[in-house]
2 protein chains.
Amino acid sequence: MADEATTRWLDEREQAVWREFLVATLMLWERLARELADAGLSMPEYELLVRLSEAPGWQLRMSDLAGGLVSSRSRLTHTIGRMEARGLVERRACPSDKRGVLAAMTEAGYQVLVDAAPTHVTGVREHLFDHLTAEQVDSLGAAMGQVGRHLREA
Amino acid sequence: MADEATTRWLDEREQAVWREFLVATLMLWERLARELADAGLSMPEYELLVRLSEAPGWQLRMSDLAGGLVSSRSRLTHTIGRMEARGLVERRACPSDKRGVLAAMTEAGYQVLVDAAPTHVTGVREHLFDHLTAEQVDSLGAAMGQVGRHLREA
DNA sequence: CGGGAATAGTTGAAATCTAAACGGTCTTGG
DNA sequence: CCAAGACCGTTTAGATTTCAACTATTCCCG
């Protein structure tokens, strides 16, 4: 695919940016996960509840949910299974497609989300946005938007 | 910690940036991981070999390595164990501290790294840097640098 | 010097994630 | 209409990660 001779290597600046991106992203993720753990949720579980809270009827098709969360269908099945056992979510038959399954947030799930949200949002502020200028926020948004669009196509 | 009333919520722009950051980062990670899998390495394993390749004598203390990789000590122990079984790495006694262990890259490990590097670097270029302007690269580097510094302190 | 606290790394079990294969259901071209 | 193929979600097994002990060593302070 890419052989030694024709590879466009990263220059030192790019290497440094890439490493800082990797490291900061990992630390940020780990930190937010630790804070969320106090509320009894993992990052993916929190994002999942957020998606459902925004959906009409607090429910979404499994595969739409998986797509939005950048999760494999298999992983989502497991995650929903665990959350269903805790009563945060429930499965419903999909009226329009007998293959389909709807994941729906319960009232208990909504309560857990409401409890976790202030701490989580505060964490995102304190650990990310508070350290960025307005220009950096715009730049980050534009950059990640482009990267995301590219990866969604390919 | 942060209660409902005093939380500084994210405005719509910030929410959008945060979500795009999360999603793009996950997609990027997943894509690079898939490409690296062809070379028989996971992302953490690749980064681990890179760190060792930069270290004097191709070796580092376990905890220094864990710190650099943003990995728990336990995870590193397991990862090194598996890589040692594959012959990519070996453990050595630490001369200065009898508690310590040095992780050292083998010649075979170096070969695997050299094989994987072109594909991986090309992926980082194609999926990240090729979509960023020079200004966005600078901005991203500065932003992640600040976030990283903050998280290292706290 | 001595003992308590901190540090380094490992261990083993439980939780989570990945990967491949499977059973239903839909869809579409002929 | 009806097979062939695509799609949906699940399942299972294996790999990886987390979490909480645990051992051994070093550090620190009286």
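Chain letters run A, B, ... following the sequence lines, proteins first and then strands; every chain starts at 1. The structure displayed is predicted, hence computed values, not measured ones.
Residue H78(A) places no side-chain atom within donor-acceptor reach of the base of dG9(D), judged by atom type and a 3.5 Å distance cut-off alone. The base of dT7(C) sits within donor-acceptor range of the side chain of R99(B), with an N or O pair under 3.5 Å.
Taking only side-chain atoms of M62(A), from C-beta outward, the nucleotide of dT10(C), dT10(D), dA8(C) with the closest atom is dT10(D). With dT18(C), dT11(D), dC17(C) as the choices, the nucleotide that has an atom nearest any side-chain atom of T79(A) turns out to be dC17(C). Checking dT18(D), dT26(D), dT25(C) against every side-chain atom of D97(A), the shortest atom distance belongs to dT25(C). You'll find that the side chain of S74(A) is closest to dA19(C), out of dT11(C), dA19(C), dA6(C). The side chain of R91(B) sits closest to dG9(C) out of dG9(C), dG9(D), dT17(D). With dG9(D), dT18(C), dT18(D) as the candidates, the nucleotide lying closest to the side chain of R61(A) is dG9(D).
One atom, CE of M43(A), and another, P of dT17(D), lie 17 Å apart when rounded to the nearest Å. At whole-Å resolution of the value, CZ in R73(A) and P in dA6(D) are 14 Å apart. Atom CG of L48(A) and atom P of dT16(C) are 14 Å apart (whole Å).
Residues D130(B) and R8(A) form a side-chain contact, since some pair of their non-hydrogen atoms from C-beta on lies under 4.5 Å apart.
Taking the six-membered ring where tryptophan is involved, the planes of Y110(B) and W58(B) are essentially parallel, since the angle between them stays under 30° and well short of 60°.
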